[in-house]
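The figures that follow rest on heavy atoms only: side chains count, while hydrogens, waters and symmetry mates do not. Quantities reported herein were computed from a predicted structural model and do not represent experimental measurements. Starting from 1, each residue takes its place in the sequence as its number.
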Amino acid sequence: MKNKIPKVAIIILNWNKPGLTLECLESLDQLQVDNYKLQVIVVDNASSDDSKDKLSNIKLQKAAYKLLVNKENYGFAKGNNIGIKYAIKQGADYLVLLNNDTKADSKLIVELLREIYSNPSAGILSPKIYFAKGYEFHKERYKKHNLGKVIWAVGGNVDWNNIYGTNRGVDEVDTGQFDEVDEVDFASGACLFVKAEVIKKVGMFDEKYYMYLEDMDFSERVRKAGFQICFVPKAVVWHKVSQSSQIGGYLNDYFISRNRLLFAMKYASSRTKFAIMREAVRLLVHGRKWQKIGIKDYVLGNLEKGSWN
């Protein structure tokens, strides 16, 4: 990187939410672009609304802009992979996967680059992600002056006994308790910074997941390849939580039930694999409709979108 100006590509997935995506793009046009080149790539996942029209011909002051339009909804994993392939083909050195329901702090990329330069062992970086004002899970808990400083995630931890990913610090008011760079188990796909060389080594998101747990799987592959996943407190994003998917519990029942099995069988201990399979048998008998369908699809190998409609 010393002999050239690095190129950073930000990849945003859009599906029927052009208003959110435009607000996200507005925040990206306020980024400090110092000693790096910036490209913003929006991948539209076959929206059925006017997303294509609203997101075409965007002019950004700080970045080159590209809209890619998919012929069908490929889900989170493959949708982002299409953007990743394009970015790497365009010569990106670093990639940021960013939810369209986010707002970036102006120093986001500057701080992420500062950390990646100082820590050669890091392969993935995760910023400090706050709830956007008014989008907190428990609004009644907080005083007005704390809104915008309620943590959604400061990196993630994996519960290896139960195969769940948890956001560190969630629902806590930020009082400086997470102000040090720290190694974490995974980086949330809501905002994930990764070296292009890491992707070239370990591959992209596993498209069998379609959505949910693909970020845990990707982080685990990166960690096993010898890289660190690090939380960077000075890099900040605000997240309008639950705006990208308002489908409800059925979607979670299906993909979480199925993808926990997929993740566990790849990475968990023998003891945990046995426990997860025993739980799957219980869900097949006593679970909710879409939990049962998810378990069956895993057993049958009906992955990616699977039976979801």
Side-chain angles (χ1 to χ4, degrees), residues 1-14 24-25 28 31-43 60 62-68 70 74-100 102 104 107-127 155-156 181 183-207 209 214-232 234-235 237:
M1 290 305 121
K2 292 181 179 179
N3 298 323
K4 70 169 186 175
I5 297 175
K7 187 172 183 179
V8 178
I10 300 177
I11 298 163
I12 302 170
L13 196 62
N14 177 79
C24 181
L25 291 174
L28 297 183
L31 288 173
Q32 292 185 13
V33 181
D34 298 328
N35 297 317
Y36 70 92
K37 296 178 181 178
L38 180 63
Q39 181 174 35
V40 176
I41 302 162
V42 172
V43 182
L60 299 177
K62 304 289 186 70
Y65 176 80
K66 179 69 176 179
L67 173 66
L68 304 177
N70 293 336
Y74 292 122
F76 186 88
K78 186 173 181 179
N80 272 296
N81 282 352
I82 288 169
I84 291 169
K85 289 176 185 176
Y86 180 85
I88 290 178
K89 188 176 181 180
Q90 295 296 308
D93 301 295
Y94 304 101
L95 298 91
V96 181
L97 306 183
L98 184 66
N99 274 16
N100 69 331
T102 59
K107 295 183 180 180
L108 175 67
I109 305 301
V110 170
E111 294 296 344
L112 291 169
L113 288 173
R114 191 192 314 276
E115 177 59 28
I116 209 76
Y117 293 157
S118 66
N119 184 1
S121 298
I124 298 177
L125 301 181
S126 178
V181 175
E183 191 169 356
V184 296
D185 290 339
F186 73 95
S188 168
C191 185
L192 182 157
F193 177 96
V194 59
K195 294 176 178 177
E197 67 180 81
V198 169
I199 293 174
K200 292 172 184 176
K201 184 171 183 178
V202 308
M204 298 176 288
F205 283 135
D206 186 340
E207 295 174 4
Y209 287 89
E214 69 288 301
D215 49 5
M216 276 174 47
D217 177 277
F218 179 64
S219 295
E220 187 61 16
R221 283 187 282 127
V222 170
R223 191 184 66 79
K224 286 183 175 296
F227 298 96
Q228 294 179 339
I229 297 96
C230 294
F231 158 66
V232 183
K234 290 184 178 180
V237 166

Taking the side chain as everything from C-beta on, heavy atoms only, tell me whether [X] gets closer than 4.5 Å to [Y].
X: Ile10; Y: Leu28; value: yes
X: Leu25; Y: Asn100; value: no
X: Val43; Y: Asn14; value: no
X: Tyr117; Y: Pro6; value: yes
X: Val96; Y: Leu192; value: no
X: Val194; Y: Tyr94; value: no
X: Gln90; Y: Gln39; value: yes
X: Ile124; Y: Phe193; value: no

(request) Kindly state each residue pair satisfying salt bridge (charged side-chain N to carboxylate O under 4.0 Å, His left out) with at least one member in residues 113-123, sequence neighbours excluded. (result)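 The answer is Glu111-Arg114.
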
(request) Apply side-chain contact (heavy atoms from CB on, under 4.5 Å) to Leu98 and Ile11, showing your working. (result) CA-CA 6 Å; Leu98 184 66; Ile11 298 163; over 6 Å; no

Using only atom types and a distance under 3.5 Å, with no angle test, would you say the side chain of [X] pairs donor to acceptor with the backbone of [Y]?
X: Lys62; Y: Leu31; answer: yes
X: Asp93; Y: Lys7; answer: yes
X: Asn81; Y: Met204; answer: no
X: Lys78; Y: Asp206; answer: no
X: Ser219; Y: Ala187; answer: yes

Quick check for you: to the nearest 0.5 Å, what is the distance between [X] atom [atom1] and [Y] atom [atom2]?
X: Cys191; Y: Leu112; atom1: SG; atom2: CG; result: 6.5 Å
X: Ile82; Y: Leu68; atom1: CD1; atom2: CG; result: 8.0 Å
X: Glu183; Y: Ser121; atom1: CD; atom2: OG; result: 9.0 Å
X: Leu95; Y: Ile84; atom1: CG; atom2: CD1; result: 6.5 Å

(request) Please work out which of the three classes, parallel, tilted or perpendicular, describes the rings of Phe218 and Phe205, given edges at 30° and 60°. (result)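 Ring orientation, 0 to 90° scale: perpendicular.
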
Quick one: closest heavy-atom pair of [X] and [Y], and the distance?
X: Val237; Y: Pro127; answer: CG2-CG, 4.3 Å
X: Ala87; Y: Ile41; answer: CB-CD1, 3.7 Å
X: Gly189; Y: Asp215; answer: N-OD2, 2.9 Å
X: Phe186; Y: Ile229; answer: C-CG2, 3.9 Å
X: Glu207; Y: Ala77; answer: CA-CB, 4.0 Å
X: Val202; Y: Ala225; answer: CG1-CB, 3.5 Å

(request) Kindly check if the number of other-residue, nucleotide or ligand heavy atoms within 6.0 Å of CG (Asn35) is above 12? (result)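 Incorrect, the count does not exceed 12.
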
(message) Let's go through Lys66 and Tyr86 carefully: what are the C-alpha distance in whole Å and the side-chain angles of both, what is the deciding distance for side-chain contact (heavy atoms from CB on, under 4.5 Å) to 0.1 Å, and is it a yes or a no?
(response) CA-CA 10 Å; Lys66 179 69 176 179; Tyr86 180 85; 3.6 Å; yes

(message) Could you go through Ile12 and Cys24, starting from their C-alpha distance and side-chain angles, then the distance that decides it, and tell me whether this counts as side-chain contact (heavy atoms from CB on, under 4.5 Å)?
(response) CA-CA 9 Å; Ile12 302 170; Cys24 181; 3.8 Å; yes

(message) Please evaluate residues Phe231 and Val181 with respect to the criterion side-chain contact (heavy atoms from CB on, under 4.5 Å), reporting the C-alpha separation (whole Å), side-chain torsions for both, the decisive distance (0.1 Å), and the verdict.
(response) CA-CA 6 Å; Phe231 158 66; Val181 175; over 6 Å; no

(message) Strictly below 4.0 Å, N to O, side chains only: are Lys200 and Glu197 in salt-bridge contact?
(response) no

(request) Name all residues meeting the side-chain hydrogen bond (donor to acceptor under 3.5 Å, both in side chains) criterion together with Gln228; count only those two or more places apart in sequence or in a different chain, and write none if there are none. (result) Asn119

